[in-house]
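Here's the structure, in structure tokens; my notes come after.
Only heavy atoms go into these numbers, but all of them, side chains included; no hydrogens, no water, no symmetry mates. Please read these numbers as outputs of a predicted model, since none were measured by experiment.
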Amino acid sequence: MPRNAAPKTKKLESMSVTELRARYLEVVGEETRSTNKTHLIRRIEEALAAKKRRGPSRRATAAAPSAPAAPAATPSAPAAAPAAGTQPAPRRGRFANMSLAELQAKYSEVVGRPTGSSDTSYLKWKIREAEAGRVPVGPRPEREVKVREDGKRVIPLTYDAEALAALDKAWREAGLPSRARFFRRAVHRELMAMGATEAAAHFAADAAEE
């Protein structure tokens with residue numbers, strides 16, 4: 001692992017899920033609904049690594065010593081014009097002459113979903129990866145809503161590990177039997193404080209057990 005990889009990972013790990021999603025959009029070029037910090041950090045680092053691998057050739061070209069400048073043409077000896085009917089040498093690569101809009105359209109066609117990325121190197125890389133079958137293509141699947149046999153739905157709640165540990169310590173010390181009981185009571189109190197008595201009635205059973 002490169003020596004500078006650990007500081008980058010540590011910095012990403014210190015970000016919230018919201019900050020990681022914003023960084024994901026900036027680096028990867030597309031939005032994500034994931035709340036899994038490990039997944040977000042891995043994808044960000046992969047995209048950064050891919051960009052870094054594509055970068056050295058440009059940096060090496062820029063750093064290479066330039067050839068001595070040719071003597072300036074004098075008025076009496078102007079530079080020779082290209083011969084009639086000749087064309088400039090074509091740029092190499094099938095994406096070389098494509099504009100940003102054309103690359104984005106090609107991305108949408110091959111990857112199967114639109115992108116807001118303006119990073120042409122990333123767009124070319126993602127198109128090639130999709131064509132080779134190395135990345136998922138098509139619209140991102142909607143998350144399936146989990147409904148238990150008793151008709152109750154499971155909803156995700158994401159907290160920092162330190163905050164969750166403090167929360168669990170508090171409800172245990174208060175004598176509550178579970179984290180779920182704590183949340184239901186808290187929801188009931190907040191709804192009552194808001195004046196939403198009809199909604200609060202759905203959580204009244206736990207509140208009555210205090």
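- E162 pairs by the side-chain hydrogen bond (donor to acceptor under 3.5 Å, both in side chains) definition with nothing, not counting sequence neighbours.
- Here E13 contributes atom CD and K10 contributes atom NZ; the two are 9.0 Å apart, rounded to the nearest 0.5 Å.
- Looking at E26 and R23, a side-chain N of the basic residue comes within less than 4.0 Å of a carboxylate O on the acidic one, giving a salt bridge.
- Annotation: the span from R113 atom CZ to Y107 atom OH amounts to 5.0 Å, rounded to 0.5 Å.
- Contact detail for K126 and V135: the closest heavy-atom pair is CE-CG2, 3.9 Å.
- Side-chain contact, H188 with R185: no donor N or O sits under 3.5 Å from an acceptor N or O.
- Summarising the geometry of V28 relative to A47, their closest heavy-atom pair is CG2-CB, 4.0 Å, with the distance given to 0.1 Å.
- Linking ILVMFWY residues whenever their side-chain heavy atoms come closer than 4.5 Å, directly or via other members, places L100 and I127 in the same cluster.
- The shortest non-hydrogen separation linking Y122 to E30 is OH-OE1, 3.9 Å.
- With rounding to the nearest 0.5 Å, the separation of CG in L48 from CZ in R53 is 11.0 Å.
- We find the CG-OG1 distance between L40 and T35 to be 8.0 Å, quoted to the nearest 0.5 Å.
- For the atom pair NZ (K51) and CH2 (W125), the distance works out to 10.0 Å, reported to the nearest 0.5 Å.
- Looking at heavy atoms from C-beta onward, D119 lies out of side-chain contact with L123 at the 4.5 angstrom threshold.
- Between W171 and R179, the closest heavy-atom pair is CZ2-N, 3.5 Å.
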Chi angles and distances behind the side-chain contact (heavy atoms from CB on, under 4.5 Å) call for I41, L20: CA-CA 7 Å; I41 291 171; L20 283 171; 4.0 Å; yes
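- Once rounded to the nearest 0.5 Å, the distance linking CG of L191 with CD of E198 reads 11.0 Å.
- Contact check on R94 versus E131 returns a salt bridge, with a Lys/Arg side-chain nitrogen under 4.0 Å from an Asp/Glu carboxylate oxygen.
- Both L176 and L167 belong to a single network of hydrophobic side chains, linked directly or stepwise wherever heavy atoms of I, L, V, M, F, W or Y lie under 4.5 Å apart.
- Hydrophobic clustering places F95 together with V110 (ILVMFWY residues linked when any side-chain heavy atoms are closer than 4.5 Å, directly or through intermediates).
- A salt bridge does not link K106 to E102: none of the charged nitrogens lies less than 4.0 Å from a carboxylate oxygen.
- With R21 contributing its side chain and R33 its backbone, the two residues share a donor-acceptor pair below 3.5 Å.
- Using a distance-only test at 3.5 Å, with no hydrogens or angles considered, no donor-acceptor pair links the side chain of Q104 to the main chain of S118.
- Applying the 6.0 Å contact sphere to CE of M192 captures no more than 12 heavy atoms from other residues, nucleotides or ligands.
- Nearest heavy-atom pair, T115 versus G29, reported as atom, atom and distance to 0.1 Å: OG1-O, 3.0 Å.
- Pairing each heavy atom of L103 with each of M98, the nearest pair is N-CE, 4.0 Å.
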